[in-house]
Every structure is written in C-alpha cells, then in structure tokens.
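All figures in this text were calculated on a predicted structure; none of them were measured in a lab. Throughout, a chain's letter reflects where its sequence line sits, starting with A, and its residues are numbered from 1.
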There are 2 protein chains.
Amino acid sequence: MSYKVLIVEDLPELLEAMSDFYRGKGAGLWEVVTASDGKDALTKVADNDFDLMILDIMLPGASGFDVCKAARSKGDCPIIFVTALGSENSILKGYETGCDDYVVKPFSLKQLYAKSLGLLKRSKKAEEGDLLRCGMITLNKRTMIVMVNDREVSINAKEYFLLVYLLENKDSILTRRAILERIWKDDLNVTDRAVDTAIRRLRDNLGEASGQIKTVIGRGYRLTEE
Amino acid sequence: MSYKVLIVEDLPELLEAMSDFYRGKGAGLWEVVTASDGKDALTKVADNDFDLMILDIMLPGASGFDVCKAARSKGDCPIIFVTALGSENSILKGYETGCDDYVVKPFSLKQLYAKSLGLLKRSKKAEEGDLLRCGMITLNKRTMIVMVNDREVSINAKEYFLLVYLLENKDSILTRRAILERIWKDDLNVTDRAVDTAIRRLRDNLGEASGQIKTVIGRGYRLTEE
DNA sequence: AGCGATGTGACACGAGTGTGACACGGGAAA
DNA sequence: TTTCCCGTGTCACACTCGTGTCACATCGCT
C-alpha cells in the first residue's frame with residue numbers, strides 16, 4: 001500500500017528536493033505527484049484522489065488557497081501549507097481555508113515529513129471512528145470531538161450526549177420525554193424544562209450552527225441540515 | 001563507543017581549533033575526520049559512515065550543499081552548516097537541502113558543540129524506536145525515556161503507560177473507563193479516582209508541560225499540543 | 001387579545017475534580 | 001530476616017463548574 005501525495009511548489013530545486021525526499025522514504029511508500037504552478041495543480045487535484053497535499057501558497061497561476069478550496073470541495077484529504085517566513089496572515093488564512101498544518105520557510109524536510117506522517121495517521125483514525133455529520137456539524141464518537149465548519153467547539157457532557165442523540169436521529173422530531181429518557185436515564189425527576197436549558201446551551205456553543213436545531217412547538221426539537 | 005564526526009572547513013586555523021575541541025571532549029568520545037576542500041570532503045563522505053557532519057558552505061572544489069546532498073543520498077546523519085554572517089539566503093538553501101541546524105560565523109565552539117550533542121541525541125533516539133511527540137512532550141517507547149522540551153523527566157510505570165496511551169490518542173477525549181481498561185487491565189476493582197491520581201502525578205512530573213493534559217469535565221482527559 | 005409554549009438571564013445546589021494525607025504492599029538494602 | 005523506601009490506591013476536604021430551577025420576557029397559535 002502506498003500513499004499518494006501532491007507537492008506543489010514553484011521553486012524547481014525545492015520541488016525536486018521535496019519529491020526526492022518522499023520518494024526515498026520507505027520502499028515505494030509514497031507515490032509523488034508534483035506541480036509547479038496553480039493551474040497545473042488544479043488539474044491534478046481534479047483528476048486524482050490524494051492522501052496528502054503539500055501546497056506552496058505563492059504560486060503562479062492560482063494561489064495555494066485556491067487549490068486548497070478545490071480540494072476541500074472534493075474530499076477532505078489533509079493539507080500542509082508552505083509559507084514564507086513572517087507571513088502570519090497567510091497562516092491564519094490557511095487555517096480558515098481549512099488547511100491542517102503548515103511549515104514556514106526555511107523548513108527542514110524532516111520536519112515536513114514528520115508532520116505528513118502525523119496528519120496521515122490522524123486522518124486514518126478519523127476514517128475509522130464513526131463520524132456523525134449534519135450540515136456544518138461533525139461529531140466524532142471515538143474522540144468525542146465536535147466540529148462546526150472544521151473548527152473545534154467545546155461542549156459539556158450533557159450537551160454532548162444530547163447532540164449525539166440529535167445527530168443519530170437527524171430530521172426526526174424528538175419529544176422532551178424521549179430526550180429525558182435517553183439522556184437523563186436514571187434520575188427522571190427533573191422538569192421538562194431541563195431539556196430546554198440543555199438545548200439552549202448546546203445552541204450557544206454551536207455558534208453559527210445553532211440554527212440547525214429547530215424548535216417544533218408543542219412537540220419537541222429536531223436537527224436539520226438547515 | 002565513540003561518535004564519528006566530519007568537519008569540513010577551509011580555514012586551517014579554524015579547522016584545527018574545531019577538531020582539537022572535539023578531540024578534547026570526553027575520553028575519546030569523538031573520532032574526528034577533517035577535510036579542507038569540497039573534493040576531499042566528498043571522498044570522505046563516500047568512504048565513511050558519520051554520526052555527524054559540520055560543513056562550511058563556502059569551500060574550494062565543491063560547496064557544502066553538494067557535500068550535504070551526497071550525504072543525504074547515502075543516509076541521514078545530522079548536518080550542521082557553518083555560514084558567514086548575513087548570508088541568510090544560504091541558511092534558507094541549507095534548510096531546503098536538508099541540514100538540521102546551522103551556526104553563523106563568528107561562533108563559539110561551545111555553542112557549536114551544544115548543537116552537536118542536541119542533534120546527536122535526537123537522531124539517535126529517532127532511529128532507535130518510535131517516538132511519540134505532542135507539544136513539548138517527547139516519549140521514546142523503546143528506551144522509555146520521556147522528555148519535556150529536551151529535558152529528561154522521570155515518571156513511574158503507571159504514569160508512563162498512561163502517557164503512552166494519551167500520546168497515542170492525542171486530541172481524543174479518553175474516558176476514565178477507557179483508561180482503566182487500558183492501563184489497569186486485570187484488576188478493574190479500583191476506583192475511577194485512581195485515574196485522577198495517576199493524572200495528577202503525571203502532571204506533577206511533566207512540569208511545564210502539565211497544561212497539555214486537559215480535563216474534560218464529565219467525560220475524561222485529553223492530551224493537546226496546547 | 002389571550003394563553004400556552006418556548007427563549008433567556010440569574011441563581012443555588014451538587015456533581016465532578018484537584019489536592020493533601022495516609023495506608024497498604026512489594027521490593028531493595030542492610 | 002528486618003527495615004526502609006517507593007509506588008500506588010483510597011479517603012477527606014475544598015473548590016470549581018456544570019446543571020436544574022425559577023422568574024420573567026418573548027413568541028406563536030387560536
């Protein structure tokens with residue numbers, strides 16, 4: 001089994017150094033595809049399924065961000081940005097666009113490679129664990145991590161289990177009674193309104209995705225893709 | 001056991017100072033091989049297996065980069081570049097070529113030596129066993145050595161296995177139950193609170209890195225890069 | 001408009017966790 | 001063997017923080 005990596009970099013020497021490094025590791029562990037300008041990169045992203053991408057940001061043709069966006073709309077393979085020293089804004093923008101990690105020039109190939117392996121392992125794990133998705137919400141039952149638009153949000157225990165219940169029954173209307181029985185289990189001597197409060201706090205923490213929890217008056221709540 | 005170091009430098013006085021310095025350290029800790037021009041260096045790289053190389057960039061015959069490349073194609077021993085003041089471009093190119101560290105002339109021999117030891121230790125560790133890293137924490141599963149910011153810390157058995165578990169699942173929230181089943185295995189007749197205590201003692205021993213272990217109330221613990 | 005249902009803020013209680021101290025037990029040193 | 005020490009689990013206490021409830025505002029349906 002080998003991993004397919006796309007390396008995009010316009011400096012010929014650096015591109016060669018990087019691709020040589022990856023090709024040299026393991027016995028054919030990596031299948032390396034390279035591109036030296038944005039247009040070329042976009043074509044290759046469209047035509048292939050990569051396990052990992054390493055993108056320079058400053059590129060002729062199209063920026064690394066554009067390539068990243070194109071890749072994200074297709075799948076969610078891990079992406080590492082390569083950025084020039086001191087361009088913190090780029091890093092920030094990179095994270096917003098949805099990159100997973102970055103290295104700052106000058107960087108050591110070893111360091112880049114270590115990050116590659118790390119990301120790869122993590123994405124493998126994410127595949128294995130059962131993901132619950134709905135609209136902008138992603139919940140990983142194995143890691144118990146909740147993401148909204150690829151940004152992690154922190155929620156409390158009750159809210160977490162409530163969200164799991166909602167996700168497992170998305171589009172269904174869940175009555176307060178049903179929620180109480182599922183989440184509160186043992187101590188059912190709480191008011192129906194406790195559910196309201198839990199829902200409220202969940203909404204608060206979900207931020208932009210709060211609208212996905214709809215109130216169905218007289219019956220309960222339901223989670224939608226909005 | 002001794003380490004084999006190649007020092008390449010065309011200034012005779014400096015070359016002598018460096019090699020004397022390394023030879024004087026420890027009782028035969030270093031086996032020093034020297035070269036004063038690129039061609040000589042290339043030959044010696046081809047004929048030997050070094051544990052460390054110190055390369056001047058400006059050389060008659062062939063540049064330090066060429067020597068570095070030759071060395072890289074052969075193995076991956078740590079390399080330190082020696083560069084003249086102000087030539088940042090060289091540094092950049094150095095990292096791209098795959099050097100691990102550099103010093104700028106004029107430099108103190110002590111400083112160079114410190115970097116040497118650091119690199120050596122790191123590369124030794126890296127090749128010996130699988131390293132687990134997260135933030136300032138580095139754990140070597142083979143030697144069972146735990147480092148925080150390159151300083152070794154001593155921890156007990158339970159804490160060690162707990163830390164391994166955390167590192168192998170970094171960013172995941174691990175419930176007390178999961179931890180109990182993994183670490184305590186056989187005798188599950190211990191309280192959940194035993195986990196708390198283990199976590200506390202691990203935190204104590206991790207010192208400055210203690211903050212990387214986050215408490216997730218109602219669910220468990222998780223290790224982050226902070 | 002009127003009334004029930006839901007959202008929102010504040011507050012208090014209690015579960016969950018950090019921390020120090022202690023006890024038990026096994027292994028090392030004498 | 002005895003003695004001591006270190007590792008580890010448990011308990012008690014303090015404190016933080018999650019969470020349910022209440023009161024009031026707002027919304028939505030009839």
What's the shortest heavy-atom distance between B:Met18 and B:Ile54, and which atoms? CE-CG2, 3.6 Å

Answer yes or no: does a side-chain N or O of A:Trp184 lie under 4.0 Å from OP1 or OP2 of D:dG20? yes

Applying a 4.0 Å non-hydrogen cut-off, can you work out what B:Ala157 is touching in the nucleic acid: base, sugar-phosphate, or nothing? sugar-phosphate

Measure across B:Thr34 and B:Ser19 and return the closest heavy-atom pair with its distance rounded to 0.1 Å. CG2-CB, 3.9 Å

Under 4.0 Å, counting only non-hydrogen atoms across every strand here, what does B:Thr215 touch: a base, just sugar-phosphate, or nothing? sugar-phosphate

Less than 3.5 Å between a donor and an acceptor, one on the side chain of B:Arg193 and one on the base of C:dG18, is that the case here? yes

Can you find a heavy atom in the side chain of A:Leu223 that is under 4.5 Å from one in the side chain of A:Ile137? yes

Can a side chain N or O of A:Asn156 be found less than 4.0 Å away from OP1 or OP2 on D:dT19? yes

By nearest-nucleotide position on DNA chain D, the 5'-leaning member of B:Ala198 and B:Ile217 is B:Ala198

Position toward the 5' end of DNA chain C (nearest nucleotide), B:Gly220 or B:Arg201: B:Gly220

Quick one: is B:Thr191 getting a side-chain N or O under 4.0 Å of the D:dT10 phosphate, OP1 or OP2? yes

Taking for A:Glu159 and for B:Asp192 the nucleotide of DNA chain D with the nearest heavy atom, the one nearer the 5' end belongs to B:Asp192

To the nearest angstrom, the CD1-P distance between A:Ile213 and C:dT8 comes to 12 Å

If you check the A:Lys158 side chain, which of C:dT17, D:dT19, D:dT10 turns out closest? D:dT19

Could you tell me whether a side-chain N or O of A:Asn140 sits under 3.5 Å from a main-chain N or O of A:Arg142, the two making a donor and an acceptor? yes

Would you say the side chain of B:Arg176 and the base of C:dG16 hold a donor-acceptor pair, judged only by whether the two atoms sit under 3.5 Å apart? no

Once you apply a heavy-atom cut-off of 4.0 Å, does A:Tyr221 come out as touching a base, just sugar-phosphate, or nothing? sugar-phosphate

Is it the case that the side chain of A:Glu152 and the backbone of A:Met147 share a donor-acceptor pair, with hydrogens and angles ignored and the cut-off at 3.5 Å? no

Under 4.0 Å, heavy atoms only, any strand: does B:Val195 hit a base, just the sugar-phosphate, or nothing? nothing

Quick check on C:dG18: is either OP1 or OP2 less than 4.0 Å from any side-chain nitrogen or oxygen of B:Arg203? yes

Ignoring hydrogens and geometry beyond distance, is the side chain of B:Arg200 in donor-acceptor contact with the base of C:dG20 at under 3.5 Å? yes

